[in-house]
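Counting from 1, the numbers follow the sequence of the chain as shown. Fair warning: this is a prediction, and the values are worked out from it, not measured in the lab.
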Amino acid sequence: MKRIVLTGGGTAGHVTPCIAMLPALKKEGYDIHYIGSYKGIERKLIKEYDIPYYGISSGKLRRYLDLKNFTDPFKVLKGYFEAYKILKKIKPDILFSKGGFVTVPVVLAAKRCKIPIIIHESDMTPGLANKIAIPAAQKVCVNFPETMNHIPQKKAVLTGTPIRKELFSGNKIKGLDFCGFTANKPVIMVIGGSSGSKVINDVIRGMLPTLLRDFQVVHLCGKGNLDPKLDNLEGYAQFEYIKKELSDLFAAANLVISRAGANAICEILALKIPNILIPLSLKASRGDQILNAESFESQGYSYVIKEEDLSVSSLMEAIQTVINNKHSYIEAMKKSKLNDSIDVIMNLIKETQL
């Protein structure tokens with residue numbers, strides 16, 4: 001039996017593309033295993049798919065000064081030896097890495113074991129973890145044509161992001177019922193990422209009295225960010241994180257307000273939902289979300305608000321603009337060449353494996 005190890009973690013965006021690949025891998029008869037961190041979100045997400053999961057030590061690689069910079073390298077080294085031991089035991093034919101700091105020791109261990117490696121880079125420019133891992137890879141899948149300039153020519157393949165098939169089969173009525181909404185008002189869906197966004201949460205909640213006059217709001221606010229005072233507010237539904245019902249919520253949404261993580265925006269693009277992107281600022285990131293958002297804005301897919309410009313008034317103006325011009329956004333998204341990548345990546349896996 002053909003055997004593959006998947007790895008990726010730290011955020012949901014480093015796991016969901018791997019999950020999207022599972023049906024195609026199972027259809028082709030692959031024995032699938034997953035390596036992630038001991039307690040990361042990837043462990044919880046993968047657990048539901050009846051796939052052997054192996055936890056390893058992981059440490060964050062930082063570009064800034066932090067006391068943990070002195071201890072985390074030892075965690076990475078420990079993770080490397082743990083990953084090496086696991087890979088020697090499993091003996092996979094290929095490794096597929098979606099990125100995140102947990103993948104660095106796994107990729108380096110796979111290189112030592114002479115296991116072929118395919119990496120997926122979602123953002124416009126490679127993150128630090130993938131920069132370290134790319135020299136070990138045979139192929140690097142990317143989302144944006146611009147990314148090809150940052151990767152060795154013979155390795156780079158423009159694929160787009162694997163999109164979970166179930167996202168395309170959402171039921172609008174089920175989504176409305178799940179939130180306790182009516183069919184009489186349009187729905188705005190707010191996504192702040194798996195850990196949530198305080199700045200977005202605060203602005204959305206601050207404008208609810210005005211917003212709920214014309215819209216209903218389903219708010220995915222992140223773990224620990226629920227506001228009990230708003231539990232019974234008509235037209236407003238808040239959840240820390242949604243998995244099973246996500247496709248129904250997307251089907252019910254007339255507009256999505258989101259961070260600009262590559263996987264999230266590629267899902268919104270694939271579903272062709274008019275959207276407003278609020279990328280993480282340079283104060284909290286390396287600027288990858290800003291580049292992602294600018295690319296989508298230039299192609300006519302999205303309206304972008306910089307985090308430092310976010311306010312009740314700027315967001316309300318953006319909502320009205322996108323709602324009034326929704327058809328032009330939808331038409332632009334229909335012309336996109338960033339299609340679902342599962343078939344392309346599956347062919348790469350077949351061509352690259354041992």
Side-chain angles (χ1 to χ4, degrees), residues 1-36 42 45-46 49 51 87 90 92-100 102-103 106-107 110-111 115-127 129-131 133-148 150-168 261-271 292 336-354:
M1 180 180 283
K2 297 168 288 187
R3 184 166 292 160
I4 186 169
V5 167
L6 308 177
T7 185
T11 67
H14 286 130
V15 188
T16 50
C18 290
I19 291 173
M21 295 291 297
L22 295 180
L25 289 168
K26 290 178 179 178
K27 185 178 179 181
E28 290 291 332
Y30 279 88
D31 178 27
I32 308 166
H33 298 250
Y34 202 100
I35 298 178
E42 60 272 19
L45 294 175
I46 293 296
Y49 292 90
I51 294 168
L87 292 172
I90 298 174
D93 298 289
I94 193 163
L95 174 77
F96 180 80
S97 172
K98 185 58 198 73
V102 70
T103 67
V106 184
V107 169
K111 180 182 180 181
I115 298 165
I117 300 159
I118 294 177
I119 289 172
H120 190 285
E121 174 52 63
S122 295
D123 290 315
M124 188 80 72
T125 60
N130 270 351
K131 278 185 177 180
I134 283 170
Q138 277 65 46
K139 295 293 179 182
V140 182
C141 307
V142 301
N143 274 348
F144 303 102
E146 298 96 323
T147 313
M148 307 281 278
H150 300 276
I151 294 166
Q153 188 176 357
K154 292 182 180 180
K155 293 187 178 186
V157 183
L158 183 63
T159 63
T161 286
I163 305 295
R164 293 165 286 171
K165 295 295 185 185
E166 61 265 28
L167 289 184
F168 296 96
N263 295 311
I265 65 176
C266 284
E267 289 179 348
I268 295 168
L269 171 61
L271 295 169
N292 297 343
S336 171
K337 295 180 180 179
L338 286 177
N339 296 315
D340 190 4
S341 67
I342 292 175
D343 290 341
V344 179
I345 294 175
M346 284 301 301
N347 286 332
L348 283 178
I349 289 171
K350 293 174 189 176
E351 294 167 5
T352 309
Q353 69 186 33
L354 289 173

Checklist line | Note, N263 side chain near T11 side chain (heavy atom, < 4.5 Å) | finding: no

Check: Counting N and O atoms only, with roles assigned by atom type, does the side chain of H120 sit under 3.5 Å from a partner on the main chain of G160, one being a donor and the other an acceptor?
Finding: yes

Next item on the list: For residues A20 and P23, report the shortest heavy-atom separation together with the two atoms involved.
Entry: O-CD, 3.5 Å

Note to self: What I'd like to find out is whether the side chain of N143 reaches to under 4.5 Å of the side chain of D123, using heavy atoms alone.
What the structure shows: no

Check: What distance do I151 atom CD1 and I134 atom CD1 have between them, rounded to the nearest 0.5 Å?
Finding: 4.5 Å

Check: Are the side chain of T103 and the backbone N or O of T7 linked by a donor-acceptor pair below 3.5 Å?
Finding: no

Item checked: Shortest non-hydrogen contact from I117 toward I115 -> CG1-O, 3.3 Å

Check: Side chains of T147 and H150: is there a donor and an acceptor less than 3.5 Å apart?
Finding: no

Next item on the list: For residues I345 and P162, determine if any side-chain heavy atom of one lies less than 4.5 Å from a side-chain heavy atom of the other.
Entry: yes

Notebook entry, point to check: Is the shortest distance from a Lys or Arg side-chain nitrogen in K350 or E28 to a carboxylate oxygen in the other one below 4.0 Å?
Noted result: yes

Next item on the list: Look up atom CG in L25 and atom CD1 in I32, then write down how far apart they are to the nearest 0.5 Å.
Entry: 4.5 Å

Margin query: With a 3.5 Å distance limit and no angle check, can you tell me whether E42 reaches the backbone of G10 through a side-chain donor-acceptor pair?
Written below: yes

Notebook entry, point to check: For the residue pair P17 and T161, what are the closest heavy atoms and their distance?
Noted result: CG-CG2, 4.2 Å

Next item on the list: May I ask you to decide if M124's main-chain N or O and N292's side chain share a donor-acceptor pair within less than 3.5 Å?
Entry: yes

Checklist line | Any L6 side-chain heavy atom under 4.5 Å of I51 side chain | finding: no

Checklist line | More than 12 heavy atoms from other groups under 6.0 Å of NZ on K155 | finding: yes

Notebook entry, point to check: Do K98 and S122 have side-chain atoms, one donor and one acceptor, less than 3.5 Å apart?
Noted result: yes

Next item on the list: Check whether any side-chain heavy atom of I342 sits under 4.5 Å from a side-chain heavy atom of M21, and report yes or no.
Entry: yes

Next item on the list: Find the distance between CD1 (I119) and NZ (K131) and round it off to the nearest 0.5 Å.
Entry: 13.5 Å

Item checked: Distance, nearest 0.5 Å, that separates CD1 of I118 from CD1 of I4 -> 7.0 Å

Checklist line | Backbone of V5 reached by a side-chain donor or acceptor of Y30 within 3.5 Å | finding: no

Notebook entry, point to check: Could you give the distance from CD1 (I35) to CG (L87), rounded to the nearest 0.5 Å?
Noted result: 4.5 Å

Checklist line | Worked check of side chain to side chain contact (heavy atoms under 4.5 Å, CB included) between C141 and L348 | finding: CA-CA 9 Å; C141 307; L348 283 178; 3.7 Å; yes

Notebook entry, point to check: Shortest non-hydrogen contact from K111 to A136?
Noted result: CD-CB, 3.7 Å

Margin query: For the CG atom of N130 and the CD atom of E121, what is their distance to the nearest 0.5 Å?
Written below: 4.5 Å

Next item on the list: Identify the two heavy atoms, one from V102 and one from G9, that lie closest to each other, and give their separation to 0.1 Å.
Entry: CG1-N, 3.7 Å

Check: Can you check whether R3's main-chain N or O pairs, donor with acceptor, with D93's side chain at less than 3.5 Å?
Finding: yes

Notebook entry, point to check: Given side chains that start at C-beta, do those of L45 and C18 come closer than 4.5 Å, heavy atoms only?
Noted result: no

